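Notes for the one structure printed next.
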Amino acid sequence: MLQLQVVREEKDKIINALQKRNIDAAPILDKVLQLDEKRRTTQSLLDNTLAESNKLSKEIGMLFKSGKAQEANVLKEKTGSLKEDSKRLGEELNATAKELQDLLYQIPNIPNELVPAGNTEDDNEEIFKEGDIPSLDPSALPHWELAKKYDIIDFELGVKITGAGFPVYKGKGAKLQRALIAYFLDKNTAAGYTEMQVPLLVNEASGYGTGQLPDKEGQMYHVGADDLYLIPTAEVPVTNIFRDNIINESDFPICLTGYTPCFRREAGSYGAHVRGLNRLHQFDKVEIVRLEHPSNSYKALDGMVEHVKTLLRDLKLPYRILRLCGGDLGFTAALTYDFEVFSTAQDRWLEISSVSNFETYQANRLKLRYRDENGKTRLAHTLNGSSLALPRVLAGILENYQTPEGIKIPEVLVPYCGFDMID
RNA sequence: GGAGAAAUGGCAGAGUGGUCGAAUGCGGCAGUCUUGAAAACUGUUGAGGGUCACACCUCCGGGGGUUCGAAUCCCUCUUUCUCCGCCA
């Protein structure tokens, strides 16, 4: 959520910046400013009314104490109309504040100046590419065929138990998955991130805090009986650890990592793009989250990108990094880098990580602040990234490491797996 | 799931109708002393709105009510603790 103060002071700048998202923000910002004005006027009227009746109450108290009950009763009568006024003004204020809040929720984050203009994923900017694309045998298979051939992932079984998009990992497939999780967590921990295990269901306030609510509730599974949401990413519970917190400036940076399953309802895709592991309702992911001082958050973002690079380098997977364009940028992000692994057998890039700086956008909703050197509270910056999303890494490994003899295990994972070949 | 108790500032904890945004202790910050640190001492220290700055307003788990006036009384919800039951 944008800060009101920023909207007040930099309206034109915001309108300009949001054009990159192909949004004309002028009408909504005008409405916001108008409501803000109204809110403040109403607040001021209410404050004066309350001040008046506070004063009278004090006087009445004094009078009663000194035995002047009659005079007190005269004053009492005066408070009646003040009470009505303050009730009416209070309701008006609440209604205005709510309307204002709802509008602010609808405005996405301001893109960083590095964000390229553009409408779709085709307009994303490739900024880095590394790793050799292996030349596979013409008989090379996509991962869903390999999964069947070596009996390591069973999609039909998942359909029986739950439904489409809930695969069952079997034997060496399950073990490889567990190895990846352990490996990623170890790497993240070594890089200074503290490992956390967090709840997989969150309440409504947490959903609002990181921006999944309102508007995107359709993407999350909702447990109606208890009004809880299954997390779509560890970002939600991990970042919400700090909701309503004021932290010391000296505590920056705060670096956390966590492994969780992620649950996404993901409506509306089709064909090969959802085959196999490409798109699931339940998948595993290791996430990194950082809380940063505003002056350091972009340096931190670069640091996170460098860190994710090392994971892919170690796995010897060919990948590229994209800077997302305005049209593809997430609602809450100011700048996002996507990592994609090349799936040789599918002949396409698969997104496996998304690393973003949210600046103060989430922090404003979370009321996540720090105290600066003058003792003033200011909003912190939040960042997060996948390190990494498991299924597509798995797909990439299966497809790129396949040989006529079987699927080789990337060297760094062999100690975690306890085997070096799936055959 | 049943019975009882409780929810106050970063933490502990006082406050049962008016002068309480809230005693006190710890912690934090600044200073004195010290070569430096510790200890001791002194001062300071909740958040939000509002204002050029003040004034002023709101907040004692959430919501509602009684009252001229509520941290304090009433209703309700949530959470925590103790005991019992069930259970990985």
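Here is the naming used below: chain letters follow the sequence lines, and residue numbers restart at 1 for every chain. The shown structure was predicted, so the numbers you read here are calculated from the model rather than taken from an experiment.
The base-pairing partner of B:A3, taking Watson-Crick or G-U wobble contacts with both distances under 3.5 Å, is B:U82. The partner of B:G25, taking Watson-Crick or G-U wobble pairs whose two distances both stay under 3.5 Å, is B:C11. Across all strands shown, B:A37 remains unpaired; no Watson-Crick or G-U wobble contact has both distances below 3.5 Å. Base pairing analysis places B:A30 opposite B:U42; the two distances defining the Watson-Crick or G-U wobble pair are each below 3.5 Å. In this structure B:C54 sits in no base pair that meets the Watson-Crick or G-U test at under 3.5 Å. Shown here, B:G17 forms no base pair; nothing in the strands shown gives a Watson-Crick or G-U wobble contact with both key distances under 3.5 Å.
A:Asp244 places its CG atom 11 Å from the P atom of B:G10, with the value rounded to the nearest Å. Going from atom CZ of A:Arg365 over to atom P of B:G48 covers 20 Å, rounded to whole Å. Between the NZ atom of A:Lys376 and the P atom of B:G46 there is a distance of 15 Å, given to the nearest Å. In this structure, the CG atom of A:Leu45 is 12 Å from the C1' atom of B:C57, given to the nearest Å. Here B:G69 presents its P atom at 15 Å from CG of A:Leu63, a figure rounded to the nearest Å. Regarding A:Leu368, its CG atom lies at a distance of 15 Å from the C1' atom of B:A47, rounded to whole Å. When rounded to the nearest whole Å, the span between CZ of A:Arg40 and C1' of B:G50 equals 9 Å. When rounded to the nearest whole Å, the span between CZ of A:Phe64 and C1' of B:G18 equals 11 Å.
If A:Ala51 and A:Leu56 are placed on RNA chain B by their nearest nucleotide, the residue sitting closer to the 5' end is A:Ala51. Comparing A:Lys58 and A:Lys76 along RNA chain B, the residue whose closest nucleotide (by nearest heavy atom) sits nearer the 5' end is A:Lys58.
One P atom belongs to B:C81, the other to B:G27, and the distance between them is 28 Å to the nearest Å. Across B:C26 and B:G13, the matching P atoms stand 15 Å from one another, rounded to whole Å. Between the C1' atoms of B:G43 and B:C33, the separation comes to 15 Å (whole Å). Separation of the C1' atoms belonging to B:G28 and B:G46 is 13 Å when rounded to the nearest angstrom. Nucleotides B:A71 and B:C87 place their P atoms 47 Å apart, quoted to the nearest Å. For the P atoms, the distance from B:U72 to B:U67 is 16 Å, rounded to whole Å. Separation of the C1' atoms belonging to B:A30 and B:U78 is 41 Å when rounded to the nearest angstrom. Separation of the C1' atoms belonging to B:A12 and B:A7 is 14 Å when rounded to the nearest angstrom.
For NZ of A:Lys148, the number of neighbouring non-hydrogen atoms (other residues, nucleotides, ligands) closer than 6.0 Å is 12 at most.
A:Ser57 comes within 4.0 angstrom of a base, heavy atoms only. Using a 4.0 Å heavy-atom criterion, one finds that A:Thr377 contacts the sugar-phosphate atoms exclusively. Looking at heavy-atom distances under 4.0 Å, A:Arg8 makes contact with sugar-phosphate atoms alone, never a base.
Note on residues 191-211 of chain A: pairs passing ring-ring contact (aromatic ring centres under 6.0 Å, His included), not counting sequence neighbours, are A:Tyr105-A:Tyr208, A:Tyr193-A:His307.
Phosphate contact (OP1/OP2 of B:G10, side-chain N/O of A:Arg371, threshold under 4.0 Å): absent.
Side chains of A:Gln212 and A:Thr210: a donor on one and an acceptor on the other come within 3.5 Å. For the residue pair A:Ser387 and A:Asn188, a side-chain donor N or O sits within less than 3.5 Å of a side-chain acceptor on the partner. For the residue pair A:Asn203 and A:Ser206, a side-chain donor N or O sits within less than 3.5 Å of a side-chain acceptor on the partner. Under the 3.5 Å distance criterion, with hydrogens and angles disregarded, a donor-acceptor pair is assigned to the side chains of A:Asp186 and A:Tyr416. Between the side chains of A:Tyr298 and A:Glu359, at least one donor-acceptor pair of N or O atoms lies under 3.5 Å.
Relative ring orientation between A:Tyr370 and A:Phe252 is described as perpendicular, the plane-to-plane angle rising above 60° on a 0-90° scale split at 30° and 60°.
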Readout for nucleotides 58-66 of chain B: B = base within 4.0 Å of protein heavy atom, S = sugar-phosphate only, - = neither; 5' to 3' it is S--------
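Taking the ring axis of A:Tyr259 as reference, the NZ or CZ atom of A:Lys285 does not stay both within 45° of it and closer than 6.0 Å to the ring centre.
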